[in-house]
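Have a look at the structure below, then the notes.
Just so it is clear, the structure is predicted and the values come from calculations on it, not from any experiment. Worth knowing before you read on, the calculation uses all heavy atoms, side chains too, and leaves out hydrogens, waters and symmetry mates.
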Amino acid sequence: MNELRMYVEHLFEGKVLTPENIELKEEIYGNLVARYEDLIASGLDESEAIAQTKESMTSIDDVLEDGVAATGQEHLGFTGEAEQDQENAGSTAGAESEQDVEPVEKTALVPGVPVPPAEDPADEPARVDDKAKGTGRKALLLGALAAFLVIALIMAVLGATGIVDVNEPEVEIDSSALHVSDGKGGGVGATPEDGVVIKDGDDSIVVDANGGVSYDGEPADDLLLSVVNSPSGDVKPYVDTDLSDAAKVEALVRALPMHEYACDIDTTKGVDTLGLAYRELPETVEGDSVDAALAYNVTALFCALPTVNEIQVTTAERDEPQDETYLVFKRDDVQQRFGVRLDGEMVNEAGWKQIKRDNLYKSRFIDRMVDAAEKARR
């Protein structure tokens, strides 16, 4: 549940994310999801189930003060009133289904404030039974210890045979000094503050222990590196640009990745519609990198151009100029995917970290955003 995930992130705002707190956060999230599903199964509608689930966990301060990641609901801040609500849910569900349910008023977007993103069934986490999770903790720890001992034994054997140099120091990632390699023996100046994140998973942007950037397991090309290293400062001078200022809009497009292929920048399609094309794309540019650049550029344009609600993009390769791809990105859809209002308030270091690290770099985010915008070929 994306809404519950964001609620848990809100609970941990300002907290130091030690390994123990990260584990606690995931445990709390899993318990809230399980609680939500129980309430749904008892007959509550989604909005009421979400509300009761949130009410059951209003603070994590007591848990953090205890210094332990307890698994029982009574140790995770669930209120007694919420427990009683869950017990009564089954008996009242039938009566409530016969009554009219008032529609939930849509919450207005506030700059920089999370909004419920569009739910994707593929993102729904597997439910973990709370009781089994609690009783299995000891077994998991013992299993992890056993696995460690097995790995240590294997490494010892490999070291004895000369296959592995056991004297080589273990690589640790220093997040304060992480440097992105350009693949040519040098760096390109990106740090975690620019949005770089270490993230496993298919179709995600990954930075390895040596600073190398990859996408879906393939080394990054120059275009993808330009997306990773594009700072908010490139967009800042163009915040609050009006669509009628064609020269400034074009200057903004030229400040973004893939600018050398940008053309047909059209500010006359309507009062809230921007059109542009990226043509002559060389065969050497990876399709994944093009998608990443499109997703990033559209996001930056929505942040800087407050009156634009739709961006129409055409792409074409140099070898097949007639084989065009047509995409339509709508502000409402893109904002729902990011979970925040895209405006000038996001054009800063913190906002760019949220846009990149928490969204663009995650598994399948770019694919879904681009696939949703792609229309029939012209």
Side-chain angles (χ1 to χ4, degrees), residues 6 9 13-14 109-115 117 175-180 182 187-199 204-207 211 213 215 220 222-243 245 247-260 262 265 274 276 278 289-309 311 313 329 331 334-362 365-366 369-370:
M6 295 181 68
E9 294 292 340
E13 284 183 357
L109 292 171
V110 179
V113 175
V115 298
S175 62
S176 65
L178 188 61
H179 193 64
V180 178
D182 60 3
V188 288
T191 67
E193 284 68 34
D194 296 317
V196 176
V197 66
I198 298 172
K199 174 71 179 177
S204 61
I205 296 177
V206 178
V207 180
V213 181
Y215 187 10
D222 290 340
L223 177 56
L224 182 58
L225 287 174
S226 71
V227 172
V228 169
N229 291 283
S230 292
S232 61
D234 290 346
V235 182
K236 190 69 173 179
Y238 305 98
V239 168
D240 293 332
T241 295
D242 191 88
L243 189 60
D245 191 343
K248 198 168 183 180
V249 172
E250 180 171 355
L252 171 57
V253 173
R254 300 296 178 192
L256 299 174
M258 211 159 54
H259 58 84
E260 62 268 45
I265 303 171
L274 172 65
L276 70 153
Y278 294 98
S289 298
V290 172
D291 287 349
L294 285 174
Y296 172 77
N297 289 358
V298 165
T299 303
L301 288 168
F302 277 137
C303 286
L305 307 176
T307 62
V308 172
N309 291 315
I311 300 177
V313 182
F329 296 90
R331 178 182 289 275
V334 176
Q335 286 185 153
Q336 288 291 335
R337 292 179 183 278
F338 280 97
V340 294
R341 178 185 288 277
L342 299 176
D343 56 18
E345 297 294 325
M346 293 295 294
V347 187
N348 51 59
E349 184 177 345
W352 242 231
K353 285 171 62 177
Q354 181 174 357
I355 284 173
K356 288 184 174 183
R357 181 193 64 193
D358 297 341
N359 293 284
L360 286 180
Y361 294 168
K362 289 190 174 180
F365 184 94
I366 291 173
M369 179 175 168
V370 173

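At distances below 3.5 Å, at least one donor-acceptor pair connects side-chain atoms of Asn297 with backbone N or O atoms of Pro257. Lys236 places no side-chain N or O within donor-acceptor distance of the main-chain N or O of Pro231, the cut-off being under 3.5 Å. Side-chain N or O atoms of Asp358 include none that pairs as donor or acceptor with a backbone N or O of Lys353 at under 3.5 Å. A donor-acceptor pair under 3.5 Å is absent between the side-chain atoms of Lys248 and the main chain of Tyr238, judged by distance alone. Under a 3.5 Å cut-off, the side chain of Arg331 and the backbone N or O of Leu342 do form a donor-acceptor pair.
How far CG of Asp291 is from CG of Leu224: 11.0 Å, rounded to the nearest 0.5 Å. Glu260 CD to Leu223 CG: the interatomic distance, rounded to the nearest 0.5 Å, is 7.5 Å. Once rounded to the nearest 0.5 Å, the distance linking CE of Met369 with CG of Leu360 reads 7.0 Å. With values rounded to the nearest 0.5 angstrom, Thr307 atom OG1 is found 5.0 Å from Asp242 atom CG.
Val213 is listed as a side-chain neighbour of Ile205, based on a closest heavy-atom distance under 4.5 Å. In this structure the side chain of Leu276 reaches within 4.5 angstrom of the side chain of Ile311, judged on heavy atoms. Using a 4.5 Å heavy-atom threshold, the side chains of Asp240 and Pro306 count as touching. Using a 4.5 Å heavy-atom threshold, the side chains of Leu301 and Val308 count as separate. Gln354 has its side chain out of reach of Phe338: every pair of non-hydrogen atoms, C-beta onward, lies at least 4.5 Å apart. Counting heavy atoms from C-beta outward, Val206 and Tyr361 have side chains that stay 4.5 Å or more apart. Between Val235 and Trp352 there is a side-chain heavy-atom pair separated by less than 4.5 Å.
Only one option out of Val298, Ile355, Asp343, Val239 pairs with Cys303 in a side-chain contact (heavy atoms from CB on, under 4.5 Å); it is Ile355.
Listed here is the closest heavy atom pair of Arg254 and His259: NH1-O, 3.1 Å. In terms of heavy atoms, Leu243 sits closest to Val249 at O-CG2, 4.1 Å. Across Met346 and Val340, no two heavy atoms sit closer than the pair CE-CG2, 3.8 Å. Taking both residues in full, the closest heavy atoms of Phe302 and Asn309 are given as CE2-C, 3.9 Å, listed atom of the first, atom of the second, then distance.
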Under the side-chain contact (heavy atoms from CB on, under 4.5 Å) criterion, do Val313 and Leu294 qualify, and how do the steps go?
CA-CA 9 Å; Val313 182; Leu294 285 174; 3.8 Å; yes
